[in-house]
Amino acid sequence: MKFGTRTLLLGTAFVAVSLGFCVATVRTIERHTLIVTYGIELAYYAVFSSSLWLPLAFFVYAVGSRRLTARMVACFTSAEFLAFCAVWYFLSHAA
């Protein structure tokens, strides 16, 4: 397979964003004590792991569509940022 410079740079940006937000999420979770009530456990688990499974979902979509565009990487970066903000919000406002 041959890749152009643009595709390689977009792939590098994708990996950098993925790893950066994964590390930030794990370090943020490590700093807080998580108290989860029984009724909303599934929502908490989905939110706290979103920065970890979102890159995999995006990668599968990009491979399935056989393209990687700057718009896709920008949308992925925004989604990762929102996932990180959700983790931070829930940890900051945990009862």
Side-chain angles (χ1 to χ4, degrees):
M1 259 193 263
K2 293 174 82 176
F3 297 105
T5 304
R6 183 171 190 251
T7 304
L8 290 174
L9 289 175
L10 288 172
T12 303
F14 167 75
V15 170
V17 168
S18 299
L19 295 177
F21 276 111
C22 285
V23 168
T25 299
V26 169
R27 288 192 179 176
T28 301
I29 290 173
E30 286 176 349
R31 287 191 211 133
H32 292 83
T33 303
L34 182 60
I35 301 171
V36 178
T37 58
Y38 178 72
I40 55 174
E41 284 184 15
L42 184 60
Y44 273 107
Y45 292 137
V47 168
F48 290 128
S49 66
S50 61
S51 284
L52 305 175
W53 58 258
L54 193 61
L56 180 61
F58 177 81
F59 178 74
V60 169
Y61 174 76
V63 168
S65 67
R66 295 182 181 253
R67 63 182 179 177
L68 184 63
T69 64
R71 181 176 287 178
M72 288 173 65
V73 173
C75 289
F76 169 71
T77 303
S78 300
E80 278 285 300
F81 179 73
L82 291 175
F84 177 76
C85 288
V87 169
W88 180 83
Y89 177 81
F90 280 123
L91 288 174
S92 297
H93 295 87

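One finds the CZ atom of Phe59 at 9.5 Å from the CG atom of Leu68 (value rounded to the nearest 0.5 Å).
In this structure Thr5 satisfies the side chain to side chain contact (heavy atoms under 4.5 Å, CB included) test together with Leu9, sequence neighbours excluded. Evaluation of the side chain to side chain contact (heavy atoms under 4.5 Å, CB included) rule for Arg71 yields Thr69, Cys75 as partners, not counting sequence neighbours.
The same ILVMFWY cluster, assembled from side-chain heavy atoms under 4.5 Å apart, contains both Leu19 and Phe58.
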Show me the side-chain donor-acceptor pairs of residues 78-86 shorter than 3.5 Å, one per line, residues at least two apart or across chains.
unit_1	atom_1	unit_2	atom_2	d
Ser78	OG	Ala74	O	3.1

Enumerate donor-acceptor pairs with a distance under 3.5 Å from any side-chain N or O in residues 10-17 to protein atoms, sequence neighbours excluded.
unit_1	atom_1	unit_2	atom_2	d
Thr12	OG1	Leu8	O	2.8

